[in-house]
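Report on the following structure.
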Protein chains: 2
Amino acid sequence: MGNPDDGVELLWREGEREPRAGLSLGRIVRAAIELADTDGLDGLSMRKVADRLGFTTMSLYRHVPGRDQLLDLMLDEVMGERATERATEQITEQITEPAPGQATAQATGQATGQVTEPEQPPAAGWRAALEAVARQTWHTCRRHPWMAEVRGTRHLPGPNAVAHYERMLATLTGTALRPSEVIAVVGLLGRFVDAEALTLVEIQREERRSGVSEEEWWGNRDSLYERLGQYPTITRLWETGGWDHPEDSFEFGLRRLLDGVETLVRERDESRDETCPECGTPLEPAASGRPRVYCSRACQQRAYRRRKSGAGNCG
Amino acid sequence: MGNPDDGVELLWREGEREPRAGLSLGRIVRAAIELADTDGLDGLSMRKVADRLGFTTMSLYRHVPGRDQLLDLMLDEVMGERATERATEQITEQITEPAPGQATAQATGQATGQVTEPEQPPAAGWRAALEAVARQTWHTCRRHPWMAEVRGTRHLPGPNAVAHYERMLATLTGTALRPSEVIAVVGLLGRFVDAEALTLVEIQREERRSGVSEEEWWGNRDSLYERLGQYPTITRLWETGGWDHPEDSFEFGLRRLLDGVETLVRERDESRDETCPECGTPLEPAASGRPRVYCSRACQQRAYRRRKSGAGNCG
DNA sequence: CTTCCGCTGTTTATGTCGTACACCAACTAC
DNA sequence: GTAGTTGGTGTACGACATAAACAGCGGAAG
């Protein structure tokens with residue numbers, strides 16, 4: 001219902017004038033975010049948002065087309081809060097920051113959006129930068145757990161979301177990755193963070209709903225464990241304490257993923273294409289600055305015209 | 001509501017006697033699976049299941065405690081179907097199998113549950129085996145897209161799910177990974193497959209609901225693309241065709257993940273602990289068969305007694 | 001044979017949700 | 001003054017899970 005482009009207008013319009021009293025888009029969005037922060041995504045209903053603001057349910061529909069578009073607006077609003085990050089951090093976070101030094105490095109890193117520490121032999125600066133933005137996304141997800149719960153592939157990005165995407169993609173310029181691989185890496189990391197955040201939310205939600213902690217609940221499933229004796233691998237891992245001191249799921253996964261990306265980057269770096277994609281003649285690498293792709297200005301222009309004629313979609 | 005242990009009983013009880021007519025647990029579960037296969041998870045309601053079987057809604061509650069437990073039962077039922085895999089595969093699958101040779105290798109691999117191809121210099125057999133089970137999970141998720149939609153961290157595993165878990169864990173025995181790392185790798189891969197399957201489901205669902213294909217929908221968002229000109233990285237990736245020929249999300253991610261795991265395995269293999277964890281004396285490696293952990297039968301026994309005295313939970 | 005009970009299926013009702021629709025008061029423009 | 005727009009309200013619908021009470025049935029015990 002309704003043209004999605006209206007959502008674009010809503011997301012990208014600037015300089016909202018807030019009326020003295022009464023409702024406004026900004027007030028609705030902020031109230032919805034507060035509500036979702038405390039009650040989770042399924043605790044977020046149009047009725048509750050309206051109640052919190054002291055208006056009737058249907059009044060909201062004068063400002064927001066529907067719940068879905070409200071979610072889009074909430075997401076982009078949340079993507080924009082990075083300045084006040086350090087201030088509100090310690091409220092909910094105590095597990096996620098294992099080493100304060102690391103967290104600080106990440107905070108300074110995300111201020112510029114791209115960290116380059118050239119004196120680090122094995123991995124180039126891209127790895128630190130990519131890790132930094134991943135951790136930043138992680139932090140945002142932890143502060144607003146409902147973010148990971150919002151599903152769907154047709155969420156319009158607002159200015160803040162696009163800026164964030166741009167920042168992630170930018171970390172990988174300078175590597176020899178192909179464009180499609182840059183995009184794939186960023187997507188993969190994004191989905192990873194989302195998935196990890198999602199399982200955390202689900203644990204929290206079920207703990208709050210049932211009043212029983214996750215550990216306790218699984219600990220009480222003796223009737224299940226009785227039946228696991230005949231599975232040798234599970235039994236051996238159990239006996240050797242595999243479940244007693246589990247790995248930190250996010251840290252472990254992040255490291256594996258970055259390692260995997262690193263091998264790809266190395267692979268591409270080794271077999272870096274030394275020929276001009278337009279005429280095929282070998283090109284001498286640029287001594288400094290941005291690595292060159294074309295052998296000459298003429299080839300660069302030819303490639304540009306070719307691209308311009310046959311434009312493709314972003315599907 | 002209701003003791004979770006009742007769910008365990010429901011899942012693990014064997015030899016269901018099916019009545020001639022009327023309802024039964026098995027019939028309900030199978031009807032629910034069929035329904036979810038076609039309508040998705042949010043198209044699965046108790047009303048529709050009952051309608052499909054020709055009974056009233058509330059009649060289901062005589063056999064299943066509630067919707068959540070029904071989901072648990074559905075999941076385990078689906079985990080059990082591996083024999084008829086090749087038969088039903090070509091119905092919905094055409095994208096997921098890029099190279100038939102690869103798919104065949106995977107199919108034979110999952111038949112035994114553990115593939116070992118000792119003549120492969122860089123990666124040991126664990127990698128092929130792990131890839132095989134990951135692909136198997138992927139196939140199951142593609143055949144029953146609602147699987148990935150089922151969320152929550154307190155789903156009781158039935159016999160089929162446990163067998164599958166056992167199989168995944170078993171692929172990594174023989175590597176020098178620590179127990180907690182084995183578990184973490186399997187969990188990471190599982191969440192990855194789920195996440196990838198989930199985004200595919202979401203695309204399908206929105207395509208069916210709106211009648212507009214994903215590509216088409218994003219292609220029509222010109223009002224959005226107008227505003228992206230000022231983002232240099234996005235613009236450059238766009239112009240160099242990064243979105244024209246995107247990577248296969250699952251294949252790309254799987255390779256990165258396996259690469260990441262491989263570096264960890266290598267790392268652990270290099271610094272493989274050459275000393276007995278009980279007495280610290282160096283132990284000579286076993287010439288063949290399962291790599292030895294203890295220097296002597298005496299130390300092995302001592303470690304066993306120590307474990308037995310201090311048992312820990314599986315939280 | 002009767003009485004009772006447990007198993008199964010039905011009926012009715014409660015409370016949640018998003019949102020379509022009709023209505024109305026106040027404000028703005030001509 | 002009159003017409004049109006904006007913003008808030010009240011009612012209503014159809015979907016959902018499921019609680020609670022009720023009704024037919026078969027078998028067992030008295």
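Protein chains get the first letters and strands the later ones, always in sequence-line order, with residue 1 at the start of each.
Ranked by how close their nearest DNA chain C nucleotide is to the 5' end, A:Arg62 and A:Gly66 are led by A:Gly66.
Side-chain contact between B:Trp218 and B:Leu224 is present, with heavy atoms from C-beta onward closer than 4.5 Å. Annotation: side chain of B:Arg143 is not in contact with side chain of B:Asp37 (no heavy-atom distance under 4.5 Å).
Distances were taken from every side-chain heavy atom of B:Tyr61 (C-beta onward) to each of D:dG7, D:dA21, D:dA17; the shortest belongs to D:dA17. Of the candidates D:dT18, C:dG18, C:dG9, C:dG18 carries the atom nearest the A:Arg67 side chain, counting heavy atoms from C-beta on.
The CG atom of A:Leu70 sits 15 Å away from the P atom of C:dC17 (whole-angstrom rounding). Taking atom CG of A:Asp68 as the reference point, atom P of C:dC17 lies 16 Å away to the nearest angstrom. The separation between B:Ile28 atom CD1 and D:dA17 atom P is 14 Å, rounded to whole Å. A straight line from CZ of B:Arg27 to P of C:dT8 spans 12 Å, rounded to a whole angstrom. Across the protein-nucleic acid pair, A:Leu60 atom CG and D:dG8 atom P stand 10 Å apart, rounded to whole Å.
Remark: of the listed residues A:Glu202, A:Glu206, A:Glu149, A:Glu202 is the sole one forming a salt bridge (Lys or Arg N to Asp or Glu O under 4.0 Å) with B:Arg151.
In this structure, a donor-acceptor pair under 3.5 Å is absent between the side chains of A:Ser45 and A:Arg67.
Residues of residues 37-59 of chain A that place a heavy atom closer than 4.0 Å to DNA chain D, in numerical order, are A:Phe55, A:Thr56, A:Met58, A:Ser59.
OP1 or OP2 of C:dG9 has at least one side-chain nitrogen or oxygen of B:His63 nearer than 4.0 Å.
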For residues 52-62 of chain A, run the donor-acceptor check on the side chains, cut-off 3.5 Å, and write out each pair with its distance to 0.1 Å, sequence neighbours left out.
unit_1	atom_1	unit_2	atom_2	d
A:Arg52	NH1	A:Glu34	OE1	2.7
A:Ser59	OG	A:Thr56	O	2.5

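Aromatic rings of B:Tyr231 and A:Tyr165 (six-membered ring for Trp) have centroids beyond the 6.0 Å cut-off, not under it.
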